[in-house]
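Quick notes on the structure that follows.
Just so you know, these numbers come straight off a predicted model, no measurement behind them.
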Amino acid sequence: MITTLHIKNIGIIEDLTIDLNKGLNVLTGETGAGKTLIIDSLEIISGGRFSKEMIRKGEEFSFVELCMYSPNNKSSDDGNIIVSREIYLNGRNQCKINGRLVTVSELKLFMSEFIEIHGQNNNQKLLDYKKHLEYVDNFIGEKLLLLKQEYKAHFDEFKKIEKELQENYGDDKEKQRKLDLLKYQFNEIEQARLEKDEEEKLEERRKIILNSEKLTDNLQEASYVIEEAGIDSLSTAIRALEKIEMLDKKYEDVNTNLKSVYYELQEISRDIACYKDDIFFDEKEREEIESRLDLIYSLKRKYGNNLEEIINYKDKIEQEIIYIENIEEHNNKLKKDLQEEENILNKIALDISNIRQKYSYNLSDKINKVLKDLEMKNASINVKVTYKENEFFETGKDEVRFYITTNIGEDEKELDKIASGGEMSRIMLAIKKVLADTDKTPILIFDEIDTGISGRAANSVAEKLKEISFTHQVLCISHLASIAAKADYNYHISKQVNKERTNTNVKLLNEEEVIEEIARISSGDINEATIKYAYELRNKKVS
């Protein structure tokens, strides 16, 4: 349940804190006092849309914080949950659940477990046909639980086998498509006959070819200098030293070193000559190298960053081809298992559908009886269960939709095609009344559920709200004395002007103040007669 709601800078609300309680909490007050802003704030903290025009004039942000107590919720050790949402003029959102930052969508999903808001423009759960099946199953309760559990176990196994078949190319068309692709890739790489160090060698040769003229000129010059100025000069020097080396050992040593240099220079000269020979090429060789490198670059774009990766990829797809071509036997077993699971699912789903069909009539009758109490005498809900032959859902093969006829002689239509906002709120109230014992949403909020009703209908709405509040925390904004009289806690919403700014205030009323408020909203005036009437209404409240 909600324990505290804190609102800051929304519309005429400057800074407002409301401590809420179990049971039926009714908010009353004059039009324009800010009651709707409180519902808007609850929608905002539930992940609803927010317009920057809602930010209080002159302020940079709005802030809503909600404290809840839910002893069985896993998000809190002690059951206390604090949720907040801060929205700035520039559109920035900051949402937190127990201090942890979350996205707006995460906030919306989290809060959907706790709060349902029903009003003129907010009955999304009732309009969502996926929720209709949940309403029916909650109504049926334990009678369907074991069947649904059995179905879910087989459904999970069915999906597991189906997924394995897909991954194993169990579909013949998919398998052939994959085989064709893999074989094409394998043949493309295989025909290229790649070698791991081939690209480097080609790049080196290509570099030489592209620089052949420069290489030739400089090698020629180096060769000439070595031959003319190097080797010949050294030869002359060696012969001169040979004439005097017998005169002193040092001349002999110098000549020996010089001969070593001479022989090394001859070796270098021969190497340069070989280099010059290597430079020779024809245009055909260049074209072949360019073509080969283009092929390698193309394969790299498709299959790997280098030739080693491409070769490894070829080995991998070769194994995959062998695997696919030999998996038929295993896939045949999986297909057999899948068919067995499908047969079981069909049988269980049909049993589930028959139960839903049976109880959908009962649910329709119960809701329609409550609708008549709510002065929607010509309205008729029809809960339709449609068995889908060719589809499997997690909950069976049924699609459940609520249809309604609001006037005699008209065709029934889906809820969102015919019902008004006030009617939708009363329809939801009727559904909640019928499902009160099984409904898992702990907090229900009704905004202007009393629109367009009075007399017996108003009394009936009040009674239904009170009965639902035995199992849920209910917040209701109302203008009706009969609803205010049933409240466990009454809050008066008012506004006042302070320093030329309008502010919303809220007050939890004591019993005497509750009587006066019931008197006020019953006739617009507080006098002896209205006070007496208020006492009578109050004393009739459900205990």
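The existence of a salt bridge linking Lys160 and Asp156 is excluded, since no basic side-chain nitrogen approaches an acidic carboxylate oxygen closer than 4.0 Å. At a threshold of 4.0 Å, the pair Asp488-Lys22 does not count as salt-bridged, since none of the basic side-chain nitrogens sits closer than that to a carboxylate oxygen. Using a cutoff of 4.0 Å between basic side-chain nitrogens and carboxylate oxygens, Lys35 and Asp447 are not scored as salt-bridged. Contact check on Glu320 versus Lys183 returns no salt bridge, with no Lys/Arg side-chain nitrogen under 4.0 Å from an Asp/Glu carboxylate oxygen. A salt bridge is absent between Glu59 and Lys8; no separation between the charged side-chain nitrogens and carboxylate oxygens falls under 4.0 Å. Using a 4.0 Å cut-off between a side-chain N of Lys or Arg and a carboxylate O of Asp or Glu, Lys131 and Glu134 qualify as a salt bridge. Salt bridge Lys369/Asp365: absent, no basic N to carboxylate O contact under 4.0 Å. No salt bridge links Glu106 with Lys108; every basic N to acidic carboxylate O contact stays at or beyond 4.0 Å. Glu116 and Lys432 are joined by a salt bridge, as a carboxylate oxygen and a charged side-chain nitrogen come within less than 4.0 angstrom of each other.
Taking both residues in full, the closest heavy atoms of Tyr491 and Leu20 are given as OH-CA, 3.4 Å, listed atom of the first, atom of the second, then distance. Taking every heavy atom of both residues into account, Ala484 and Asn490 meet most closely at O-ND2, 2.9 Å. Shortest non-hydrogen contact noted between Thr395 and Arg356 is O-NH2, 2.9 Å. Looking at every heavy atom in both residues, Cys95 comes nearest to Val104 through SG-CG2, 3.8 Å. The two residues Gln94 and Leu101 come nearest to each other via the heavy atoms CG-CD2, 3.5 Å. Counting all heavy atoms, side chain and backbone alike, Leu42 lies closest to Ile45 at O-CG2, 3.2 Å.
A distance-only check finds no donor-acceptor pair linking the side chain of Glu86 to the backbone of Val64 [under 3.5 Å]. Using a distance-only test at 3.5 Å, with no hydrogens or angles considered, no donor-acceptor pair links the side chain of Ser478 to the main chain of Ile483. Glu43 contributes no side-chain N or O that, together with a main-chain N or O of Ile117, makes up a donor-acceptor pair within less than 3.5 Å. In terms of modelled atom types and a separation under 3.5 Å, the side chain of Arg538 and the main chain of Ala485 share a donor-acceptor contact. In this structure, Asp373 contributes its side chain and Ser460 its backbone to no donor-acceptor pair below 3.5 Å. Of the possible donor and acceptor atoms, one in the side chain of Ser364 sits under 3.5 Å from a partner among the backbone N and O of Val383. Side-chain N or O atoms of Thr3 include one that pairs as donor or acceptor with a backbone N or O of Cys67 at under 3.5 Å. A donor-acceptor pair is defined here as one N or O able to donate and one able to accept, closer than 3.5 Å; no such pair exists between the side chain of Asn9 and the backbone of Ile55.
Looking at Leu179 and Glu325, their side chains come closer than 4.5 Å, going by heavy atoms from C-beta outward. Side-chain atoms of Asn305 and Lys300, non-hydrogen and from C-beta on, never get closer than 4.5 Å to each other. Using a 4.5 Å heavy-atom cutoff, the side chains of Val434 and Ile431 are not in contact.
For the atom pair Asn25 CG and Leu465 CG, the distance stands at 11.5 Å (nearest 0.5 Å). In this structure, Leu374 CG and Ile367 CD1 are separated by 11.5 Å, a value rounded to the nearest 0.5 Å. Taking CD1 from Ile348 and CG from Asn343, the interatomic distance works out to 11.0 Å, rounded to the nearest 0.5 Å. Here CD1 of Ile443 is found 4.5 Å from CD1 of Ile2. Values are rounded to the nearest 0.5 Å. Glu190 contributes atom CD, which lies 10.0 Å from atom CD1 of Ile317 (distance to the nearest 0.5 angstrom). Here the CD1 atom belonging to Ile18 is positioned 10.0 Å from the OG1 atom belonging to Thr4, to the nearest 0.5 angstrom.
No more than 12 heavy-atom neighbours from other residues, nucleotides or ligands sit within 6.0 angstrom of CD on Glu142. Dense packing is recorded around CZ of Phe393, with more than 12 heavy atoms of other residues, nucleotides or ligands lying under 6.0 Å away. Atom CD of Glu60 has 12 or fewer neighbouring heavy atoms from other residues, nucleotides or ligands inside a 6.0 Å radius. Within a 6.0 Å sphere centred on NZ of Lys366, heavy atoms belonging to other residues, nucleotides or ligands number 12 at most.
Using modelled atom types and a 3.5 Å distance limit, the side chains of Tyr151 and Glu394 yield no donor-acceptor pair. Side-chain contact of Gln319 with Asp315: a donor-acceptor pair under 3.5 Å is absent, judged by distance alone. In this structure, a donor-acceptor pair under 3.5 Å is absent between the side chains of Asp411 and Tyr403. If you check the side chains of Glu164 and His330, you find a donor sitting under 3.5 Å from an acceptor. Between the side chains of Glu308 and Asn312, no donor-acceptor pair of N or O atoms lies under 3.5 Å. Asp398 and Ser353 share a donor-acceptor pair across their side chains, judged by distance under 3.5 Å alone. In summary, the side chains of Glu412 and Thr405 do not present any donor paired with an acceptor at a separation below 3.5 Å, with no hydrogens or angles considered.
Tested against Leu299, the residues Lys314, Gln185, Glu188 include a single side chain to side chain contact (heavy atoms under 4.5 Å, CB included) partner, Glu188. The only option from Lys163, Glu157, Lys159 that meets the side chain to side chain contact (heavy atoms under 4.5 Å, CB included) definition with Ile161 turns out to be Glu157.
Stacking of Lys397 on the aromatic ring of Phe392 is recorded, both the 6.0 Å distance cut-off and the 45° axial limit being met.
In this structure, Tyr387 has no side chain to side chain donor-acceptor pair (under 3.5 Å) partners at least two apart in sequence or on a different chain. Checked against side chain to side chain donor-acceptor pair (under 3.5 Å), Thr28 has the following partners two or more places apart in sequence or in another chain: Glu517. His6 pairs by the ring-ring contact (aromatic ring centres under 6.0 Å, His included) definition with Phe63, not counting sequence neighbours.
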Exercise. Kindly determine whether Glu318 and Lys316 satisfy salt bridge (charged side-chain N to carboxylate O under 4.0 Å, His left out), including the steps that lead there.
Key: CA-CA 5 Å; Glu318 183 179 19; Lys316 176 183 175 183; over 6 Å; no
Exercise. Run the numbers on Ile477 and Phe446 for side-chain contact (heavy atoms from CB on, under 4.5 Å), then give the verdict.
Key: CA-CA 6 Å; Ile477 287 181; Phe446 294 93; over 6 Å; no
Quiz item: What do the steps show when you test Ile81 against Asn98 for side-chain contact (heavy atoms from CB on, under 4.5 Å), and what is the final call?
Solution: CA-CA 6 Å; Ile81 303 169; Asn98 280 343; 4.2 Å; yes
Exercise. Apply side-chain contact (heavy atoms from CB on, under 4.5 Å) to the pair Asn93 and Leu107, showing each step before the final yes or no.
Key: CA-CA 11 Å; Asn93 269 262; Leu107 175 67; over 6 Å; no
Quiz item: Given the rule in the side-chain contact (heavy atoms from CB on, under 4.5 Å) test, do Leu508 and Asp19 qualify, once you have shown the distances and angles that lead to the verdict?
Solution: CA-CA 8 Å; Leu508 175 61; Asp19 293 322; over 6 Å; no
Quiz prompt | Candidate pair Tyr359 and Asp137, rule side chain to side chain donor-acceptor pair (under 3.5 Å), full reasoning | solution = CA-CA 9 Å; Tyr359 279 89; Asp137 285 1; over 6 Å; no
